Amino acid sequence: MDEDMDNATRKLIEYVLTKLETESVAERVKLYRILADFLPSEEASARLRQYSKELQRIDFEFQRIKSLFFLTNKNEKS
């Protein structure tokens, strides 16, 4: 890859990562995994895949906490 392509690829990846911040967590996880396949660096790909797994795990835990809160809150009102 020539230097201009490196710079263009880096800018495109930065742009996509920034835009993905506005997506839902589930969509981000899916798209991070897809993006990881296109990254020119295997290290960066592996890190992005790991990040997507961690993000998915954190979202799962958050949803569990949220559901516990709503169950507790609902029981207190009864």
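The first residue of the sequence shown is numbered 1, and numbering continues consecutively from there. Remember, predicted model here, so these are calculated numbers, not experimental data.
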Quiz item: Are the charged groups of E27 and K30 less than 4.0 angstrom apart, N to O?
Solution: yes
Self-check item: Pairwise side-chain contact, I13 with F38, heavy-atom cut-off 4.5 Å (strictly under)
Solution: no
Quiz item: If we ignore angles and hydrogens, is there a donor and acceptor under 3.5 Å between the side chains of R28 and Q56?
Solution: no
Exercise. Look at the side-chain heavy atoms of Ile, Leu, Val, Met, Phe, Trp and Tyr, link any pair under 4.5 Å apart, and say whether L20 and L12 land in one connected group.
Key: yes
Quiz prompt | Y51 with I58, same ILVMFWY side-chain cluster at under 4.5 Å | solution = no
Exercise. Please report the closest heavy-atom contact between S45 and A36, naming both atoms and the distance.
Key: OG-O, 2.6 Å
Quiz prompt | Worked verdict on R47 versus Q50 for side chain to side chain contact (heavy atoms under 4.5 Å, CB included) | solution = CA-CA 5 Å; R47 289 176 68 188; Q50 182 61 37; 5.6 Å; no
Quiz item: Out of L35, V29, I34, which one pairs with L31 under the side chain to side chain contact (heavy atoms under 4.5 Å, CB included) rule?
Solution: I34
Quiz item: Is it true that E14 and R10 make a salt bridge, defined as a side-chain N closer than 4.0 Å to a carboxylate O?
Solution: yes
Quiz item: Is the number of heavy atoms from other residues, nucleotides or ligands under 6.0 Å of E61 CD greater than 12?
Solution: yes
Quiz item: Could you go step by step and tell me if D59 and L55 meet the side chain to side chain contact (heavy atoms under 4.5 Å, CB included) rule?
Solution: CA-CA 6 Å; D59 187 54; L55 184 59; 5.7 Å; no
Quiz item: Any side-chain heavy-atom pair from R57 and K53 closer than 4.5 angstrom?
Solution: no
Exercise. Decide, yes or no, whether a salt bridge links D37 with R49 under the criterion of side-chain N to carboxylate O below 4.0 Å.
Key: yes
Practice problem: Work out which heavy atom in L48 is nearest to a heavy atom in Y32; give both atom names and the distance. | Solution: CD2-O, 3.4 Å
